[in-house]
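What follows is a short report on a single structure.
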Amino acid sequence: MRMTHITRGFAGVTLGALALSGALAAAPANAADIEFVTGIAPNESSYLGWHEGYVNAEPAFALRWDGLELGLGGVDSQVLNGLVASGAPGLPITGTDLGSLITSSETVVLEGETYLQVPVTWNGGWSTLRPGTPSTEADGDYALTDEWVSSRPLGAIAANTPTALSDILAALDAAGTVAYSGFGVLSTDPATVESLTWNGTTNAFWRSVADIPVTSTVYVTAGEIRPDESTYPGWHEGYENATPAFAVTGAGLELGIGTKSQIINGLAEPIVDADLASLIGSAGVVVASGSVSYQVPIFFGAENTFTTLRPATPDAGFGLDALWVSSKAISPAIAANTPVVLGDLIEAIEGVGSVTVLAFGVQAEQPATVETITFNGVEYSFLPAPVVPSEVTPGGEAAPAGALAATGFEGAGFAALGGLVVAAGVALTVLARRRAGQSA
(Lines give C-alpha, C1' and ligand atoms only; values in the text may rest on other atoms or scores of the structure.)
Protein backbone atom coordinates (compact mmCIF):
# COMPACT_ATOMS: atom_id res chain seq x y z
CA MET A 1 0.00 0.00 0.00
CA ARG A 2 1.35 3.41 -0.98
CA MET A 3 1.01 5.98 1.78
CA THR A 4 -0.09 9.20 0.12
CA HIS A 5 2.11 12.16 0.91
CA ILE A 6 -0.04 15.09 1.94
CA THR A 7 0.46 18.07 -0.36
CA ARG A 8 1.80 21.01 1.60
CA GLY A 9 -0.21 23.67 -0.15
CA PHE A 10 -3.90 24.23 -0.78
CA ALA A 11 -6.40 26.68 -2.18
CA GLY A 12 -9.88 26.82 -0.71
CA VAL A 13 -12.96 29.02 -0.80
CA THR A 14 -13.75 30.77 2.48
CA LEU A 15 -16.72 33.09 2.97
CA GLY A 16 -16.83 34.00 -0.68
CA ALA A 17 -13.14 34.84 -0.79
CA LEU A 18 -10.29 32.77 -2.16
CA ALA A 19 -8.00 31.86 0.73
CA LEU A 20 -4.50 30.71 -0.16
CA SER A 21 -2.21 29.52 2.58
CA GLY A 22 0.38 26.92 3.45
CA ALA A 23 -0.52 23.48 4.78
CA LEU A 24 1.87 21.15 6.60
CA ALA A 25 2.14 17.40 6.29
CA ALA A 26 0.43 15.36 8.99
CA ALA A 27 1.76 12.22 10.62
CA PRO A 28 0.66 9.04 8.86
CA ALA A 29 -2.37 7.38 10.40
CA ASN A 30 -0.57 4.05 10.78
CA ALA A 31 2.30 5.50 12.80
CA ALA A 32 2.28 5.94 16.57
CA ASP A 33 5.02 8.55 16.32
CA ILE A 34 6.98 10.53 13.75
CA GLU A 35 10.65 11.47 13.84
CA PHE A 36 12.40 13.69 11.30
CA VAL A 37 15.79 12.46 10.15
CA THR A 38 18.01 15.56 10.02
CA GLY A 39 21.46 14.03 9.56
CA ILE A 40 23.09 10.91 8.15
CA ALA A 41 26.74 10.00 8.84
CA PRO A 42 28.75 9.39 5.63
CA ASN A 43 30.15 6.04 6.76
CA GLU A 44 29.88 3.24 9.31
CA SER A 45 32.67 4.41 11.66
CA SER A 46 29.89 5.00 14.16
CA TYR A 47 27.21 2.37 13.67
CA LEU A 48 24.68 3.84 16.10
CA GLY A 49 22.20 6.14 14.36
CA TRP A 50 21.62 6.92 10.69
CA HIS A 51 24.66 6.26 8.49
CA GLU A 52 25.83 5.07 5.08
CA GLY A 53 26.59 1.37 5.13
CA TYR A 54 28.84 1.32 2.06
CA VAL A 55 32.32 2.79 1.68
CA ASN A 56 31.82 5.36 -1.10
CA ALA A 57 34.45 7.89 -2.12
CA GLU A 58 31.68 10.50 -2.47
CA PRO A 59 28.30 10.42 -0.72
CA ALA A 60 25.76 8.61 -2.88
CA PHE A 61 22.84 9.94 -0.81
CA ALA A 62 21.34 13.31 0.09
CA LEU A 63 18.61 14.53 2.43
CA ARG A 64 16.42 16.97 0.55
CA TRP A 65 13.14 18.75 1.20
CA ASP A 66 11.05 15.92 -0.25
CA GLY A 67 12.97 12.92 1.01
CA LEU A 68 16.11 10.80 1.02
CA GLU A 69 17.82 10.48 -2.35
CA LEU A 70 19.82 7.29 -2.87
CA GLY A 71 22.02 5.88 -5.61
CA LEU A 72 23.40 9.26 -6.64
CA GLY A 73 26.17 9.22 -9.21
CA GLY A 74 25.29 5.69 -10.23
CA VAL A 75 26.72 4.28 -6.98
CA ASP A 76 24.94 1.84 -4.66
CA SER A 77 23.84 3.37 -1.37
CA GLN A 78 22.67 1.69 1.84
CA VAL A 79 21.40 4.03 4.52
CA LEU A 80 20.83 2.31 7.86
CA ASN A 81 19.63 3.31 11.31
CA GLY A 82 21.95 1.47 13.67
CA LEU A 83 20.25 0.61 16.95
CA VAL A 84 23.46 -0.43 18.75
CA ALA A 85 26.98 0.94 18.96
CA SER A 86 29.82 -0.41 16.82
CA GLY A 87 30.91 -3.83 18.07
CA ALA A 88 27.99 -4.18 20.47
CA PRO A 89 25.67 -7.20 20.25
CA GLY A 90 22.35 -6.73 18.53
CA LEU A 91 18.93 -6.46 20.14
CA PRO A 92 17.68 -9.93 21.20
CA ILE A 93 14.55 -11.01 19.36
CA THR A 94 12.85 -14.12 17.99
CA GLY A 95 12.29 -14.76 14.33
CA THR A 96 8.55 -14.59 14.94
CA ASP A 97 8.76 -11.16 16.59
CA LEU A 98 11.11 -9.92 13.88
CA GLY A 99 8.47 -10.96 11.37
CA SER A 100 5.94 -8.77 13.19
CA LEU A 101 8.29 -5.79 12.95
CA ILE A 102 8.86 -6.36 9.24
CA THR A 103 5.21 -6.87 8.30
CA SER A 104 4.11 -3.79 10.27
CA SER A 105 6.76 -1.61 8.60
CA GLU A 106 6.29 0.50 5.49
CA THR A 107 8.60 2.16 3.00
CA VAL A 108 7.19 5.15 1.10
CA VAL A 109 9.04 5.52 -2.21
CA LEU A 110 8.50 8.67 -4.27
CA GLU A 111 10.49 7.46 -7.27
CA GLY A 112 12.79 4.62 -8.22
CA GLU A 113 13.19 1.33 -6.33
CA THR A 114 14.57 0.50 -2.89
CA TYR A 115 15.02 -2.53 -0.66
CA LEU A 116 14.25 -2.67 3.06
CA GLN A 117 17.39 -3.83 4.92
CA VAL A 118 17.43 -5.68 8.27
CA PRO A 119 20.86 -6.76 9.62
CA VAL A 120 20.54 -9.85 11.84
CA THR A 121 22.75 -12.24 13.82
CA TRP A 122 22.11 -15.72 15.14
CA ASN A 123 24.07 -18.44 16.90
CA GLY A 124 27.29 -18.49 14.87
CA GLY A 125 26.27 -16.34 11.91
CA TRP A 126 25.14 -12.97 10.58
CA SER A 127 23.37 -11.68 7.50
CA THR A 128 21.34 -8.85 6.05
CA LEU A 129 17.76 -9.66 5.13
CA ARG A 130 15.93 -7.88 2.32
CA PRO A 131 12.97 -8.44 0.00
CA GLY A 132 13.55 -10.41 -3.17
CA THR A 133 11.99 -7.61 -5.20
CA PRO A 134 12.35 -3.89 -4.47
CA SER A 135 9.74 -1.53 -3.11
CA THR A 136 8.37 0.95 -5.61
CA GLU A 137 5.96 3.86 -5.53
CA ALA A 138 3.07 1.40 -5.74
CA ASP A 139 4.27 -1.14 -3.17
CA GLY A 140 5.99 -0.39 0.12
CA ASP A 141 4.62 -2.88 2.63
CA TYR A 142 5.50 -6.49 3.40
CA ALA A 143 3.89 -9.88 4.08
CA LEU A 144 5.14 -13.21 5.45
CA THR A 145 4.38 -14.83 2.09
CA ASP A 146 6.72 -12.42 0.24
CA GLU A 147 10.00 -13.81 -1.02
CA TRP A 148 13.04 -12.43 0.79
CA VAL A 149 16.75 -13.22 0.62
CA SER A 150 19.56 -13.61 3.15
CA SER A 151 22.93 -12.19 2.12
CA ARG A 152 24.64 -15.19 3.74
CA PRO A 153 23.68 -18.87 4.12
CA LEU A 154 21.13 -19.45 6.88
CA GLY A 155 20.70 -23.12 7.75
CA ALA A 156 19.50 -24.87 4.60
CA ILE A 157 18.74 -21.54 2.89
CA ALA A 158 21.44 -20.55 0.42
CA ALA A 159 22.69 -16.99 0.22
CA ASN A 160 20.75 -14.57 -2.00
CA THR A 161 18.12 -17.20 -2.82
CA PRO A 162 14.49 -15.96 -2.90
CA THR A 163 12.66 -17.72 -0.06
CA ALA A 164 9.36 -17.09 1.68
CA LEU A 165 9.94 -14.65 4.55
CA SER A 166 8.15 -17.04 6.92
CA ASP A 167 10.71 -19.77 6.10
CA ILE A 168 13.63 -17.41 6.70
CA LEU A 169 12.21 -16.42 10.07
CA ALA A 170 11.67 -20.08 10.99
CA ALA A 171 15.29 -20.79 10.10
CA LEU A 172 16.37 -17.97 12.42
CA ASP A 173 14.36 -19.44 15.29
CA ALA A 174 15.88 -22.85 14.59
CA ALA A 175 19.40 -21.36 14.69
CA GLY A 176 18.73 -19.62 18.03
CA THR A 177 20.21 -16.56 19.77
CA VAL A 178 18.61 -14.24 17.21
CA ALA A 179 19.28 -10.49 17.34
CA TYR A 180 18.98 -7.54 14.96
CA SER A 181 21.05 -4.36 14.92
CA GLY A 182 19.11 -1.91 12.81
CA PHE A 183 17.00 -1.25 9.73
CA GLY A 184 17.28 0.85 6.60
CA VAL A 185 17.05 1.04 2.83
CA LEU A 186 19.27 0.06 -0.09
CA SER A 187 19.19 1.36 -3.66
CA THR A 188 21.28 0.34 -6.65
CA ASP A 189 19.86 3.11 -8.87
CA PRO A 190 18.64 6.66 -8.20
CA ALA A 191 15.60 6.63 -5.92
CA THR A 192 13.85 8.88 -3.42
CA VAL A 193 12.39 7.58 -0.15
CA GLU A 194 9.96 9.81 1.71
CA SER A 195 9.71 7.81 4.93
CA LEU A 196 10.35 4.45 6.57
CA THR A 197 8.01 3.25 9.32
CA TRP A 198 9.53 0.76 11.77
CA ASN A 199 8.28 -0.45 15.16
CA GLY A 200 5.49 2.14 15.32
CA THR A 201 7.65 5.13 14.41
CA THR A 202 7.65 6.82 11.02
CA ASN A 203 11.15 8.04 10.22
CA ALA A 204 10.47 11.02 7.95
CA PHE A 205 13.15 12.06 5.47
CA TRP A 206 11.27 15.07 4.16
CA ARG A 207 12.01 18.50 5.54
CA SER A 208 10.32 19.40 8.79
CA VAL A 209 8.45 22.68 8.31
CA ALA A 210 7.43 24.45 11.50
CA ASP A 211 3.94 25.92 11.45
CA ILE A 212 3.83 29.55 12.58
CA PRO A 213 0.35 30.05 14.08
CA VAL A 214 -1.51 33.34 13.73
CA THR A 215 -1.46 35.03 17.12
CA SER A 216 -2.69 38.53 16.31
CA THR A 217 -4.60 40.66 13.80
CA VAL A 218 -3.39 44.09 12.69
CA TYR A 219 -5.72 46.49 10.85
CA VAL A 220 -4.11 48.50 8.06
CA THR A 221 -5.75 51.81 7.08
CA ALA A 222 -5.45 53.82 3.87
CA GLY A 223 -3.20 56.44 5.47
CA GLU A 224 -0.61 53.86 6.39
CA ILE A 225 0.26 52.88 2.82
CA ARG A 226 2.70 55.32 1.26
CA PRO A 227 2.43 55.96 -2.50
CA ASP A 228 6.10 55.20 -3.25
CA GLU A 229 9.22 53.40 -2.04
CA SER A 230 11.20 56.46 -0.89
CA THR A 231 11.14 54.87 2.56
CA TYR A 232 11.19 51.09 2.51
CA PRO A 233 10.03 50.04 6.00
CA GLY A 234 6.27 49.98 6.46
CA TRP A 235 3.46 49.61 3.94
CA HIS A 236 4.12 51.22 0.57
CA GLU A 237 3.61 50.99 -3.19
CA GLY A 238 6.51 49.19 -4.83
CA TYR A 239 5.93 50.59 -8.33
CA GLU A 240 6.48 54.15 -9.52
CA ASN A 241 2.96 55.03 -10.57
CA ALA A 242 2.05 58.60 -11.51
CA THR A 243 -1.36 58.09 -9.95
CA PRO A 244 -1.95 55.70 -7.02
CA ALA A 245 -3.19 52.34 -8.29
CA PHE A 246 -4.46 51.21 -4.88
CA ALA A 247 -7.00 52.15 -2.24
CA VAL A 248 -8.26 50.78 1.07
CA THR A 249 -12.05 50.65 1.08
CA GLY A 250 -14.76 48.88 3.02
CA ALA A 251 -14.16 45.83 0.82
CA GLY A 252 -10.45 45.65 1.58
CA LEU A 253 -7.23 46.55 -0.24
CA GLU A 254 -8.04 47.36 -3.87
CA LEU A 255 -5.00 47.32 -6.14
CA GLY A 256 -4.20 47.20 -9.82
CA ILE A 257 -6.49 50.17 -10.41
CA GLY A 258 -5.62 51.50 -13.87
CA THR A 259 -2.14 49.94 -13.81
CA LYS A 260 -0.19 47.27 -11.99
CA SER A 261 0.38 47.67 -8.26
CA GLN A 262 2.65 46.05 -5.66
CA ILE A 263 1.75 46.73 -2.03
CA ILE A 264 4.66 45.74 0.24
CA ASN A 265 5.26 45.89 3.99
CA GLY A 266 8.98 46.52 4.51
CA LEU A 267 10.06 45.05 7.84
CA ALA A 268 11.65 47.46 10.31
CA GLU A 269 13.50 44.41 11.62
CA PRO A 270 14.35 42.17 8.64
CA ILE A 271 14.45 38.49 9.50
CA VAL A 272 18.09 37.35 9.49
CA ASP A 273 19.01 33.69 8.81
CA ALA A 274 15.38 33.24 7.87
CA ASP A 275 13.68 29.85 7.66
CA LEU A 276 12.00 30.45 4.31
CA ALA A 277 10.20 27.11 4.35
CA SER A 278 8.40 27.95 7.60
CA LEU A 279 7.75 31.60 6.77
CA ILE A 280 6.35 30.91 3.31
CA GLY A 281 4.61 27.70 4.35
CA SER A 282 2.72 29.59 7.07
CA ALA A 283 1.88 32.60 4.90
CA GLY A 284 -1.47 33.27 3.26
CA VAL A 285 -3.72 35.75 1.49
CA VAL A 286 -7.51 36.07 1.27
CA VAL A 287 -8.56 37.47 -2.11
CA ALA A 288 -12.13 38.77 -2.48
CA SER A 289 -11.87 39.35 -6.25
CA GLY A 290 -9.31 39.25 -9.03
CA SER A 291 -5.87 37.63 -8.85
CA VAL A 292 -2.78 38.61 -6.84
CA SER A 293 0.70 37.18 -6.42
CA TYR A 294 2.26 36.94 -2.97
CA GLN A 295 5.65 38.69 -2.76
CA VAL A 296 8.65 37.90 -0.51
CA PRO A 297 11.66 40.21 -1.12
CA ILE A 298 14.93 38.83 0.29
CA PHE A 299 18.71 39.23 0.36
CA PHE A 300 20.70 36.01 -0.03
CA GLY A 301 24.30 34.89 -0.20
CA ALA A 302 27.57 36.51 0.81
CA GLU A 303 26.98 39.46 -1.50
CA ASN A 304 23.43 40.14 -0.25
CA THR A 305 21.90 39.65 -3.69
CA PHE A 306 18.38 41.06 -3.85
CA THR A 307 15.51 39.05 -5.31
CA THR A 308 11.76 38.72 -4.91
CA LEU A 309 10.15 35.30 -4.57
CA ARG A 310 6.59 34.77 -5.77
CA PRO A 311 4.26 31.95 -6.86
CA ALA A 312 4.52 31.02 -10.54
CA THR A 313 0.75 31.57 -10.79
CA PRO A 314 -1.54 33.43 -8.39
CA ASP A 315 -3.16 30.18 -7.21
CA ALA A 316 0.05 28.10 -6.93
CA GLY A 317 -0.15 27.98 -3.12
CA PHE A 318 2.53 28.01 -0.44
CA GLY A 319 3.51 24.34 -0.09
CA LEU A 320 7.06 23.18 -0.75
CA ASP A 321 5.77 21.31 -3.79
CA ALA A 322 4.20 24.44 -5.33
CA LEU A 323 5.83 26.18 -8.30
CA TRP A 324 7.46 29.52 -7.47
CA VAL A 325 9.86 31.88 -9.25
CA SER A 326 12.70 34.20 -8.31
CA SER A 327 13.15 37.58 -9.98
CA LYS A 328 16.92 36.93 -10.04
CA ALA A 329 18.84 33.81 -11.04
CA ILE A 330 19.83 31.68 -8.05
CA SER A 331 22.20 29.28 -9.75
CA PRO A 332 23.00 28.07 -13.27
CA ALA A 333 20.21 25.53 -12.81
CA ILE A 334 17.62 28.07 -11.58
CA ALA A 335 17.19 31.01 -13.94
CA ALA A 336 15.32 34.22 -13.21
CA ASN A 337 11.53 34.19 -13.57
CA THR A 338 11.50 30.45 -14.28
CA PRO A 339 8.96 28.25 -12.43
CA VAL A 340 10.65 25.78 -10.09
CA VAL A 341 9.41 23.67 -7.18
CA LEU A 342 9.52 25.86 -4.06
CA GLY A 343 11.45 23.25 -2.06
CA ASP A 344 14.15 23.15 -4.74
CA LEU A 345 14.19 26.95 -4.92
CA ILE A 346 14.63 27.35 -1.16
CA GLU A 347 17.39 24.72 -1.00
CA ALA A 348 19.24 26.46 -3.84
CA ILE A 349 19.00 29.81 -2.05
CA GLU A 350 20.17 28.33 1.25
CA GLY A 351 23.04 26.63 -0.57
CA VAL A 352 24.38 30.03 -1.63
CA GLY A 353 24.50 31.39 1.92
CA SER A 354 22.48 33.24 4.52
CA VAL A 355 18.96 34.51 3.86
CA THR A 356 17.41 37.77 5.09
CA VAL A 357 13.72 38.42 4.55
CA LEU A 358 13.08 42.12 3.93
CA ALA A 359 9.35 42.37 3.36
CA PHE A 360 6.15 40.70 2.19
CA GLY A 361 3.11 41.77 0.27
CA VAL A 362 1.03 41.26 -2.87
CA GLN A 363 1.17 42.28 -6.52
CA ALA A 364 -1.60 42.62 -9.09
CA GLU A 365 -1.52 43.24 -12.84
CA GLN A 366 -5.29 43.81 -13.03
CA PRO A 367 -7.89 45.08 -10.54
CA ALA A 368 -8.12 42.87 -7.45
CA THR A 369 -9.31 43.14 -3.85
CA VAL A 370 -7.46 41.62 -0.89
CA GLU A 371 -9.08 41.22 2.52
CA THR A 372 -6.13 39.90 4.55
CA ILE A 373 -2.44 39.01 4.22
CA THR A 374 -0.81 36.63 6.72
CA PHE A 375 2.91 36.60 7.46
CA ASN A 376 5.03 35.33 10.38
CA GLY A 377 2.12 34.79 12.75
CA VAL A 378 0.30 38.08 12.07
CA GLU A 379 -2.86 38.56 10.04
CA TYR A 380 -2.93 41.98 8.41
CA SER A 381 -6.52 42.98 7.65
CA PHE A 382 -7.54 45.72 5.22
CA LEU A 383 -11.17 45.47 6.27
CA PRO A 384 -12.67 48.04 8.65
CA ALA A 385 -11.55 47.46 12.22
CA PRO A 386 -14.28 46.43 14.67
CA VAL A 387 -15.66 49.24 16.82
CA VAL A 388 -15.06 48.95 20.56
CA PRO A 389 -18.25 49.91 22.48
CA SER A 390 -18.05 52.98 24.71
CA GLU A 391 -17.67 52.36 28.44
CA VAL A 392 -18.50 54.71 31.29
CA THR A 393 -15.58 55.23 33.65
CA PRO A 394 -16.02 55.34 37.46
CA GLY A 395 -15.84 59.16 37.23
CA GLY A 396 -18.77 59.23 34.86
CA GLU A 397 -16.80 60.04 31.69
CA ALA A 398 -17.22 57.91 28.59
CA ALA A 399 -14.16 56.22 27.17
CA PRO A 400 -13.38 57.09 23.53
CA ALA A 401 -15.58 55.15 21.13
CA GLY A 402 -14.44 53.61 17.86
CA ALA A 403 -10.99 52.71 19.16
CA LEU A 404 -9.05 50.84 16.52
CA ALA A 405 -6.74 47.87 16.88
CA ALA A 406 -3.03 48.30 16.31
CA THR A 407 -2.20 49.31 12.73
CA GLY A 408 0.07 47.57 10.28
CA PHE A 409 2.81 50.19 10.22
CA GLU A 410 6.10 48.56 11.16
CA GLY A 411 7.79 51.85 12.03
CA ALA A 412 10.35 53.95 10.16
CA GLY A 413 14.07 53.86 10.75
CA PHE A 414 15.62 53.02 7.39
CA ALA A 415 15.83 55.75 4.78
CA ALA A 416 16.12 53.32 1.89
CA LEU A 417 16.52 49.65 1.02
CA GLY A 418 20.30 49.95 0.89
CA GLY A 419 20.42 50.79 4.57
CA LEU A 420 19.04 47.37 5.36
CA VAL A 421 22.16 45.62 4.06
CA VAL A 422 24.39 47.08 6.77
CA ALA A 423 21.81 47.00 9.54
CA ALA A 424 20.87 43.36 8.95
CA GLY A 425 24.19 42.10 10.23
CA VAL A 426 24.64 44.28 13.29
CA ALA A 427 21.50 45.18 15.17
CA LEU A 428 18.53 43.10 14.14
CA THR A 429 16.53 40.64 16.14
CA VAL A 430 16.96 37.15 14.84
CA LEU A 431 13.39 35.90 14.47
CA ALA A 432 13.94 32.60 12.71
CA ARG A 433 16.74 30.14 12.17
CA ARG A 434 17.33 27.94 9.18
CA ARG A 435 17.22 24.28 10.05
CA ALA A 436 20.70 22.85 10.45
CA GLY A 437 22.13 19.37 10.17
CA GLN A 438 20.87 18.34 6.74
CA SER A 439 23.31 16.26 4.79
CA ALA A 440 24.50 17.50 1.45
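Remember, it's a predicted structure, so these values are computed and weren't measured experimentally.
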Task: Test: Arg207 and Asp66 ion pair at under 4.0 Å - done: no
Open item on the list: Can a donor-acceptor pair be found, under 3.5 Å and without considering hydrogens, that links the side chain of Asn56 to the backbone of Glu58?
Closed with: no
Open item on the list: Using the side-chain contact (heavy atoms from CB on, under 4.5 Å) criterion, which residues pair with Ser291? Sequence neighbours excluded.
Closed with: Pro314
TODO: Check for a donor-acceptor pair, side chain of Arg226 on one end and backbone N or O of Thr231 on the other, with a separation under 3.5 Å.
DONE: yes
Task: Reported CG-to-OG1 distance for the pair Leu323 and Thr313, which is rounded to 0.5 angstrom - done: 7.5 Å
Open item on the list: Against Thr107, only a single residue in Leu196, Thr197, Asp141, Thr136 fulfils side chain to side chain contact (heavy atoms under 4.5 Å, CB included); can you say which?
Closed with: Leu196
- [ ] Using side-chain contact (heavy atoms from CB on, under 4.5 Å) as the criterion, list what pairs up with Ser77, not counting sequence neighbours.
- [x] Glu52, Ala60, Phe61, Leu70, Val79
Task: Contacts of Phe205 that satisfy ring pair (Phe, Tyr, Trp, His ring centres under 6.0 Å) - sequence neighbours left out - done: Trp50
Task: Residue pairs, two or more places apart or on separate chains, that pass side chain to side chain donor-acceptor pair (under 3.5 Å) and touch residues 248-259 - done: Thr249-Glu254
Task: Which atom of Ala274 lies closest to which atom of Leu279, heavy atoms considered - done: CB-CD1, 3.9 Å
Task: Close side-chain approach of Val214 to Thr374, heavy-atom, < 4.5 Å - done: yes
Task: Partners passing side-chain contact (heavy atoms from CB on, under 4.5 Å) against Leu383 (at least two apart in sequence or in another chain) - done: Glu371, Ser381
TODO: Report yes or no: does Trp324 contribute a side-chain atom to a donor-acceptor pair with the main-chain N or O of Gly317 at less than 3.5 Å?
DONE: yes
- [ ] Could you tell me which residues satisfy side chain to side chain donor-acceptor pair (under 3.5 Å) with Tyr47, sequence neighbours excluded, listed by chain and number?
- [x] Ser181
Side-chain donor/acceptor pairs under 3.5 Å, residues 325-337, sequence neighbours excluded:
{"residue": "Ser326", "atom": "OG", "partner": "Thr307", "partner atom": "OG1", "Å": "2.6"}
{"residue": "Ser326", "atom": "OG", "partner": "Lys328", "partner atom": "N", "Å": "3.2"}
{"residue": "Ser326", "atom": "OG", "partner": "Lys328", "partner atom": "O", "Å": "2.6"}
{"residue": "Ser327", "atom": "OG", "partner": "Thr307", "partner atom": "OG1", "Å": "3.1"}
{"residue": "Ser327", "atom": "OG", "partner": "Thr308", "partner atom": "N", "Å": "2.9"}
{"residue": "Lys328", "atom": "NZ", "partner": "Phe306", "partner atom": "O", "Å": "3.1"}
{"residue": "Ser331", "atom": "OG", "partner": "Ala333", "partner atom": "N", "Å": "3.3"}
{"residue": "Ser331", "atom": "OG", "partner": "Ile334", "partner atom": "N", "Å": "3.3"}
{"residue": "Asn337", "atom": "OD1", "partner": "Arg310", "partner atom": "NH1", "Å": "3.4"}
{"residue": "Asn337", "atom": "OD1", "partner": "Arg310", "partner atom": "NH2", "Å": "3.4"}

TODO: Keeping the roles fixed (side chain from Thr188, backbone from Asp76), state whether a donor-acceptor pair exists under 3.5 Å.
DONE: no
Tell me which donor-acceptor pairs under 3.5 Å the side chains of residues 237-244 have, and how far apart each pair is, sequence neighbours excluded?
{"residue": "Glu237", "atom": "OE1", "partner": "Ser261", "partner atom": "OG", "Å": "2.6"}
{"residue": "Glu237", "atom": "OE2", "partner": "Tyr239", "partner atom": "N", "Å": "3.0"}
{"residue": "Glu237", "atom": "OE2", "partner": "Gln262", "partner atom": "N", "Å": "2.8"}
{"residue": "Tyr239", "atom": "OH", "partner": "Gln363", "partner atom": "NE2", "Å": "3.2"}
{"residue": "Asn241", "atom": "ND2", "partner": "Lys260", "partner atom": "O", "Å": "3.1"}

Open item on the list: Quick one: does any side-chain atom of Ser187 pair with a main-chain N or O of Glu113 as donor and acceptor, under 3.5 Å?
Closed with: yes
Open item on the list: Quick check for you: to the nearest 0.5 Å, what is the distance between Glu44 atom CD and Tyr54 atom OH?
Closed with: 10.5 Å
Open item on the list: Tell me every residue that passes salt bridge (charged side-chain N to carboxylate O under 4.0 Å, His left out) with Asp146, counting only those two or more places apart in sequence or in another chain.
Closed with: none
Task: Contact check, side chains of Pro162 and Val149, non-hydrogen atoms, under 4.5 Å - done: yes
Open item on the list: Please enumerate all residues that pass side-chain contact (heavy atoms from CB on, under 4.5 Å) together with Asn199, with sequence neighbours excluded.
Closed with: Leu101
Task: Residues in ring pair (Phe, Tyr, Trp, His ring centres under 6.0 Å) contact with Tyr294, at least two apart in sequence or another chain - done: Phe318
Open item on the list: Within this structure, what is the OH-CZ distance for the pair Tyr380 and Phe375, rounded to the nearest 0.5 Å?
Closed with: 8.0 Å
- [ ] Compute the centroid of each ring, for Trp235 and then for Tyr219, and state whether the two points are separated by less than 6.0 Å.
- [x] no
- [ ] Over all heavy atoms of both residues, which pair between Leu165 and Ala143 is shortest? Give the atoms and the distance, please.
- [x] CD2-O, 3.8 Å
Task: Side-chain heavy atoms of Phe360 within contact of Ile373, under 4.5 Å - done: yes
Open item on the list: Side chains of Thr221 and Val248, heavy atoms from C-beta outward: is any pair under 4.5 Å?
Closed with: no
- [ ] List for me each residue that meets side chain to side chain donor-acceptor pair (under 3.5 Å) alongside Thr372, sequence neighbours excluded, and say none if there are none.
- [x] none
